[in-house]
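As structure tokens, the structure follows; a few thoughts come after it.
The structure presented is a predicted model; accordingly, all values stated were derived computationally and were not measured. Every chain is numbered from 1, with letters handed out A, B, ... down the list of sequences.
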Protein chains: 2
Amino acid sequence: MNIGQASRETGVSIKMIRYYEQTGLIPPVARNQAGYRHYSENDLHRLRFIRRARDLGFSIKHIAILLSLWQNHDRENAQVRDIANQHISGLQNRITEMEAMITTLQKLVDECAGQDRPECPILTDLEH
Amino acid sequence: MNIGQASRETGVSIKMIRYYEQTGLIPPVARNQAGYRHYSENDLHRLRFIRRARDLGFSIKHIAILLSLWQNHDRENAQVRDIANQHISGLQNRITEMEAMITTLQKLVDECAGQDRPECPILTDLEH
DNA sequence: CTTGACCCTCCCATGATGGGAGACCTTATC
DNA sequence: GATAAGGTCTCCCATCATGGGAGGGTCAAG
């Protein structure tokens, strides 16, 4: 199967498939005589794995680790859980930060809307 | 005041101050004969504005608009509110996405921890 | 044999930030 | 006045994941 169809099957863009190969996240795939990449069912499997992990917000570095654990039968499941828990914590921290931003912003917007003064409380806050 | 002290006063790194000038977010500042940048109280004011807006998560593009509204006395406060509301929506959308990721991940981690089978539900999910 | 769809590599761009090299300036100390 | 330390200048490179596009080769159907 050529790269275009592999892309359609897995939901990973052609650009990203080549990028993953180039950066070593996936091993080089087979080529035909013209140099076209050729994807086996196994290759597609790996791409779907990556796609799913990206959808869950894992970084490429974490995905690299997950891929190696995936194919290492000596792994401890706890290692996988560690990666996942680490990722969950990262997400939660970012959410906490963003919620704090929203709280501040919403208060400023409310103040700004609730009055007809010429100066805008949002800008006044930023100025400070 | 030189750039180093301006950086310390405003909390904006030297690198970023120069970058903001280079990309036009702030106008070029005065220079002494040796070419050293020199910052007035007004310049510091602008930098603090930017710093605060960055802390609230505004993109540079949004900050550029906010800066121009800040100095435009004909502006409508509603314009400023629009930018802020737009930003709040963006943050909320990202939070929603991340919360969905956390929900999925947490479920997988719980399943993985609650059993002693050799296969890991997290990897099994990613595989799928 | 032509046409259109596909594929290849290589280069560039994003957004915000930092690192570092090599050169110049300033200030304080001896 | 010399020297050392530290501040500043510009220019280039890297990040992370992703996309755009140029210029050229390939393949299959008509």
Side-chain angles (χ1 to χ4, degrees), chain A residues 1-26 28-40 43-44 46-47 49-67 86-87 90-91 94 97-98 101, chain B residues 1-26 28-40 43-44 46-47 49-67 86-87 90-91 94 97-98 101:
Chain A
M1 177 183 313
N2 284 344
I3 198 170
Q5 196 176 349
S7 171
R8 266 168 261 129
E9 297 265 333
T10 62
V12 182
S13 75
I14 292 178
K15 283 280 185 181
M16 291 316 296
I17 295 177
R18 291 198 276 240
Y19 172 75
Y20 293 152
E21 180 179 333
Q22 187 199 321
T23 55
L25 185 64
I26 57 179
V29 296
R31 305 270 190 144
N32 70 11
Q33 278 182 323
Y36 284 25
R37 288 173 180 81
H38 183 265
Y39 292 85
S40 69
D43 296 327
L44 296 184
R46 219 188 320 255
L47 288 174
F49 183 102
I50 294 171
R51 171 64 203 268
R52 175 76 172 133
R54 289 295 299 143
D55 284 350
L56 288 174
F58 284 102
S59 70
I60 297 289
K61 279 189 183 159
H62 274 173
I63 294 176
I65 301 173
L66 290 173
L67 277 171
Q86 221 173 304
H87 181 44
L91 289 170
R94 283 162 56 201
E97 282 176 18
M98 288 194 280
M101 291 179 194
Chain B
M1 178 183 314
N2 284 344
I3 197 170
Q5 196 176 348
S7 171
R8 267 168 259 131
E9 297 266 333
T10 62
V12 181
S13 75
I14 293 178
K15 283 280 186 181
M16 292 315 297
I17 295 177
R18 290 198 276 240
Y19 172 76
Y20 293 152
E21 179 179 333
Q22 188 198 321
T23 55
L25 184 65
I26 58 180
V29 295
R31 306 271 190 141
N32 71 11
Q33 277 181 325
Y36 283 24
R37 288 173 181 81
H38 183 266
Y39 292 85
S40 67
D43 296 327
L44 296 183
R46 219 189 319 256
L47 288 173
F49 183 102
I50 293 171
R51 170 65 203 270
R52 174 77 174 134
R54 290 294 300 141
D55 285 349
L56 288 174
F58 283 102
S59 71
I60 298 289
K61 279 191 185 160
H62 274 172
I63 294 176
I65 300 173
L66 289 173
L67 276 171
Q86 222 174 302
H87 182 43
L91 289 170
R94 283 161 56 201
E97 282 176 19
M98 288 194 279
M101 291 179 194

Side-chain heavy atoms of A:Arg94 within contact of B:Met98, under 4.5 Å: yes
Sugar-phosphate, base or nothing in reach of B:Arg18, heavy atoms under 4.0 Å: base
B/S/- contact track for nucleotides 22-30 of chain D, protein heavy atom under 4.0 Å: ---BBS---
Rounded distance in Å - CZ (A:Arg51) to C1' (D:dA17): 14 Å
Check: A:Asn32 and A:His38 side chains under 4.5 Å, non-hydrogen atoms: no
A:Leu67 side chain near A:Arg46 side chain, heavy-atom distance below 4.5 Å: yes
Between P of D:dC11 and CD1 of B:Ile14, the distance in whole Å: 18 Å
Candidates D:dC9, D:dC16, D:dG19 - which lies nearest the side chain of B:Arg31: D:dC9
Axis bend over the full length of the helix from C:dC1-D:dG30 to C:dC30-D:dG1, computed from five pairs that close each end, to 10 degrees: 30°
Contact list for residues 4-20 of chain A, test salt bridge (charged side-chain N to carboxylate O under 4.0 Å, His left out), sequence neighbours left out: none
Leading and trailing nucleotides of DNA chain C with any atom under 4.0 Å from heavy atoms of chain B: C:dG15 to C:dT26
Nearest-Å distance for atom pair CG/C1', residues B:Asn2 and D:dC9: 12 Å
Student check: side-chain heavy atoms of A:Tyr19 and A:Leu25 closer than 4.5 Å: no
4.5 Å side-chain heavy-atom contact, A:Ile65 and A:Lys61: no
Residues that A:Ser40 engages under side-chain hydrogen bond (donor to acceptor under 3.5 Å, both in side chains), provided they are two or more places apart: A:Asp43
Note, A:Ser7 side chain near A:Val12 side chain (heavy atom, < 4.5 Å): no
Candidate pair B:Asn2 and B:Arg37, rule side-chain contact (heavy atoms from CB on, under 4.5 Å), full reasoning: CA-CA 6 Å; B:Asn2 284 344; B:Arg37 288 173 181 81; over 6 Å; no
side-chain contact (heavy atoms from CB on, under 4.5 Å) between A:Arg54 and A:Ile63, worked out: CA-CA 8 Å; A:Arg54 289 295 299 143; A:Ile63 294 176; 3.4 Å; yes
For atom CZ of B:Arg8 and atom P of D:dG6, their distance in whole Å: 13 Å
Between C1' of D:dG19 and CD of A:Gln22, the distance in whole Å: 14 Å
Residues that B:Leu44 engages under side-chain contact (heavy atoms from CB on, under 4.5 Å), provided they are two or more places apart: B:Met1, B:Ala6, B:Thr10, B:Tyr39, B:Glu41, B:Arg48
